[in-house]
Amino acid sequence: MKVSILDDYYDTLRTLPSFARLKGHDVTIWNDHVEDVDPLAERLRDTEALVLFRERTQIRTPLLERLPKLKLISQRSVYPHIDVDTCTRLGIILSSSQHPGTPSHATAEMTWALMLAAVRKIPQQIASLQAGEWQMGVGSTLRGKTLGIYGYGRIGGAVAGYGRAFGMNVLVWARPQTLEAAKKDGYAVAPSKEAFFAECDVITLHMRLVDATRHIVKAADLARMKPTALLVNTSRAPLIEPGALAEALHKGRPGMAAVDVFEKEPVLDKDHPLLTMPNVVCTPHIGYVTNEEYETQFIDIFDQINAYAAGKPINVINTDVLSHAR
């Protein structure tokens, strides 16, 4: 098949052992990021199988309708960036492994790294040293503080375990079903969303972005946080109301933030509001970006291509398409 891979910024996939699974296919890899429909349609005009890095590129109806040869989109995990109904209408299969029971340990580790970086002011301390100065301030200890896990899924559960290992008091807020899971794992649950935001010293978001969770964190929630508190988001930026986090930080509640995700990515504007705040640690959506995590993910993605090529597609999201796929 003619396979196109978008947004492989550092040409990493060729270095993975799993890339050998594409042997025999005609593979084109793009290392830059393009959003406009016209150049994307031109690039992908002969593509039969499209490989995506999660949500880096929006695959919407105006683009899909200009790709007559496209048969398969192969990726991993959630797919809010893809017009699934249009794929079905056009006979395009979306294969996306939901990897049940296997959290992104890379993202959980990144969450903890950001948490430590923020409370110990590590980026600021490094910058001070590089500027010819010595210490620039005093950080805080996590032990004994309350860690709030908002969304107790696979990654949230892993981060809760890190909190327990660091001697933090873990408090969970989530859907009723997942609150029960947290209780079974021995974690306390908040009596209400309001109490959760008010009591926690650190809150970290771990939810999928779906209609029910979009903008689930309101300005009023952030306003309840302590002026010494930290909000961490390695999940999805639209979980928070647009502009609410920057405004809350300006008002002093919470006092700090650490974010790996943004409303629009990639962020190339150095004057982005969050990038200009001294009380915010920002990273460029690298939570799952490790060689090991890529290998885990792209084994699934490449296997989905081979399964389709063999006439037995797997992990099909839009199963209705199977009766009239291209």
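Just the heavy atoms: all of them, side chains too, but no hydrogens, waters or symmetry mates, feed the values below. Everything numeric here is computed off the predicted structure, so don't read it as measured data.
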Under the side-chain contact (heavy atoms from CB on, under 4.5 Å) rule, what do Tyr187 and Ile149 come out as? Steps first, then yes or no, please. CA-CA 10 Å; Tyr187 296 111; Ile149 307 290; over 6 Å; no

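- Residue pairs satisfying the side-chain hydrogen bond (donor to acceptor under 3.5 Å, both in side chains) criterion with at least one member in residues 241-251, sequence neighbours excluded, are absent.
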Report the C-alpha separation of Asp83 and Asp85 in whole Å, then their side-chain angles, then the decisive distance to 0.1 Å, and conclude whether the side-chain contact (heavy atoms from CB on, under 4.5 Å) test is met. CA-CA 6 Å; Asp83 283 343; Asp85 289 344; over 6 Å; no

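- Within the 3.5 Å criterion, the main-chain N or O of Pro62 finds no donor-acceptor partner in the side chain of Arg66.
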side-chain contact (heavy atoms from CB on, under 4.5 Å) evaluation trace for Leu147 with Met115: CA-CA 10 Å; Leu147 170 63; Met115 199 180 302; 3.9 Å; yes

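- Both Leu16 and Val3 are part of a single hydrophobic cluster, where members link through side-chain heavy atoms under 4.5 Å apart.
- Under a 3.5 Å cut-off, the side chain of Asn315 and the backbone N or O of Ser96 do not form any donor-acceptor pair.
- Hydrophobic clustering, with ILVMFWY side chains joined whenever heavy atoms are under 4.5 angstrom apart, keeps Ile299 apart from Met1.
- Side-chain heavy atoms closer than 4.5 Å link hydrophobic residues (I, L, V, M, F, W, Y) into clusters, and following such links, possibly through other members, connects Ile240 to Leu275.
- Of the possible polar contacts, none joining the Thr213 side chain to the Leu239 backbone as a donor-acceptor pair under 3.5 Å is found.
- Using a distance-only test at 3.5 Å, with no hydrogens or angles considered, no donor-acceptor pair links the side chain of Glu48 to the main chain of Leu70.
- Under a hydrophobic clustering in which Ile, Leu, Val, Met, Phe, Trp and Tyr are joined whenever their side-chain heavy atoms come within less than 4.5 Å, directly or via other members, Val217 and Leu179 fall into the same cluster.
- Inspection of the Ser74 and Gln304 side chains reveals an N or O donor paired with an N or O acceptor under 3.5 Å.
- Inspection of the Thr111 and Thr234 side chains reveals an N or O donor paired with an N or O acceptor under 3.5 Å.
- Checked by atom type and distance alone, the side chain of Gln125 pairs as donor or acceptor with a backbone atom of Gly137 at under 3.5 Å.
- Between Met168 and Tyr162, every side-chain heavy-atom pair lies at or beyond the 4.5 Å cut-off.
- A cation-pi arrangement is present between Arg56 and Tyr9, with the terminal nitrogen or guanidinium carbon under 6.0 Å from the aromatic centre and inside a 45° cone about the axis.
- Between Lys2 and Asp46, no side-chain nitrogen of the basic residue sits less than 4.0 Å from a carboxylate oxygen of the acidic one, so the salt-bridge criterion is not met.
- Not one N or O on the side chain of Asp201 forms a donor-acceptor pair closer than 3.5 Å with the backbone of Lys226.
- Asn306 contributes a side-chain N or O that, together with a main-chain N or O of Arg21, makes up a donor-acceptor pair within less than 3.5 Å.
- Between the side chains of Thr88 and Asp320, no donor N or O sits under 3.5 Å from an acceptor N or O.
- Within the 3.5 Å criterion, the main-chain N or O of His99 finds a donor-acceptor partner in the side chain of Ser97.
- Listed for the Gln124 side chain is a donor-acceptor partner under 3.5 Å among the backbone atoms of Pro278.
- Residue Leu94 forms a side-chain contact (heavy atoms from CB on, under 4.5 Å) with just one option from Thr319, Val84, Leu52, Leu50, and that option is Val84.
- Side-chain contact between Pro313 and Leu322 is present, with heavy atoms from C-beta onward closer than 4.5 Å.
- Contact check for Lys183 versus Glu180: side-chain heavy atoms found under the 4.5 Å cut-off.
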Taking it one step at a time, do Phe53 and Phe298 satisfy ring pair (Phe, Tyr, Trp, His ring centres under 6.0 Å)? CA-CA 9 Å; Phe53 275 77; Phe298 281 93; 5.0 Å; yes

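- When side chains are defined from C-beta on, Leu64 does not count as touching Arg89, because their heavy atoms never get closer than 4.5 Å.
- Side-chain contact between Ile5 and Trp30 is absent, with no heavy atoms from C-beta onward closer than 4.5 Å.
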Hey, mind stepping through His105 and Glu292 against side-chain contact (heavy atoms from CB on, under 4.5 Å) and telling me if it holds? CA-CA 10 Å; His105 294 290; Glu292 294 82 2; over 6 Å; no

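- Taking the side chain as every heavy atom from C-beta outward, Tyr79 and Gln98 approach each other to under 4.5 Å.
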Which atom pairs, one a donor and one an acceptor, fall under 3.5 Å between side chains of residues 252-268 and the rest of the protein, sequence neighbours left out?
| unit_1 | atom_1 | unit_2 | atom_2 | d |
| --- | --- | --- | --- | --- |
| Arg253 | NH1 | Met225 | O | 2.9 |
| Asp260 | OD1 | Thr283 | OG1 | 2.7 |
| Asp260 | OD1 | His285 | N | 2.9 |
| Asp260 | OD1 | Ile286 | N | 2.8 |
| Asp260 | OD2 | Ile286 | N | 3.0 |
| Asp260 | OD2 | Gly287 | N | 2.7 |
| Glu265 | OE1 | His285 | ND1 | 2.6 |
| Glu265 | OE2 | Phe262 | N | 2.8 |
| Glu265 | OE2 | His285 | ND1 | 3.1 |

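- Hydrophobic cluster membership for Ile314: none, as no Ile, Leu, Val, Met, Phe, Trp or Tyr side chain comes under 4.5 Å of it.
- Heavy atoms of other residues, nucleotides or ligands lying less than 6.0 angstrom from CG of Asp211 number 12 at most.
- Annotation: side chain of Tyr288 is not in contact with side chain of Met110 (no heavy-atom distance under 4.5 Å).
- Following chains of ILVMFWY side-chain contacts shorter than 4.5 Å, one can reach Leu274 starting from Leu231, so the two form part of one hydrophobic cluster.
- Looking at Val27 and Phe19, their side chains come closer than 4.5 Å, going by heavy atoms from C-beta outward.
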Do Asp185 and Arg164 pass the salt bridge (Lys or Arg N to Asp or Glu O under 4.0 Å) test, and can you show the C-alpha distance, the side-chain angles, and the key distance before you say yes or no? CA-CA 11 Å; Asp185 289 342; Arg164 179 179 278 169; over 6 Å; no

